[in-house]
Amino acid sequence: MINWKESYEIGVERIDCQHRQLLAKLNEFFEACTNQQGKEKIEETLKFLKEYTLEHFGNEEELMEEIDFPELAEHRKTHAEFVKTVLELEESVKAKGVSVLSTIKLNRTLTDWLLNHINKCDKLIGECIANKGNQAV
Ligand SMILES: [Fe+2]
């Protein structure tokens, strides 16, 4: 279980709200894994991620375009890689059924996403907005 920290916030309500929603889902999955029910939960989690990423990454990328975010291309690439991982896992689950390995892989991917992407890369968007705000004054 990972608790939401104020430091995860980038200061844009819509995006922060989506991030909190994602964390709630991740925790459901982590808890299921702890209770040896990860296998039952993986398909539902992957389905959620497919829909969620479509909307959330779209919103985030629009925002980055609006503010002329300098690392937009790299950031977009990271989003595409995440989507790819989710789709590959879904394919593998469809083809071979749910395995402990796929559960572990999703668990790792999600933890890494929270700690490295939301907490580091997405934070830069907030910083960029704050800097632009300062310049405008
Ligand atoms: Fe992002």
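Counting from 1, the numbers follow the sequence of the chain as shown. When a ligand or atom number is given, it counts from 1 through the structure's own listing order. Quick note: numbers below take in every heavy atom, side chains included, and nothing from hydrogens, waters or symmetry partners.
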- Would you please classify the geometry between the Trp113 ring and the Phe82 ring as parallel, tilted or perpendicular, with 30° and 60° separating the classes? tilted

- Please say whether the positively charged group of Lys41, taken as NZ for Lys or CZ for Arg, lies over the ring of Phe29, i.e. under 6.0 angstrom from the six-membered ring centre and within 45 degrees of the axis. no

- Search all heavy atoms of Thr78 against all heavy atoms of Glu74 and return the closest pair with its distance. OG1-O, 2.8 Å

- Around the Fe ion (ligand 1), how many protein N, O or S atoms are there at under 2.8 Å? 5

- Between Glu88 and Lys84, is there a side-chain N and carboxylate O pair less than 4.0 Å apart? yes

- Note on the structure: Residues joined to Ile104 in its hydrophobic cluster, side chain to side chain under 4.5 Å directly or through other members, sorted by chain and number, are Val100

- Query: Can Glu55 and Lys50 be counted as an ion pair, charged N to O under 4.0 angstrom?
  - Reply: no

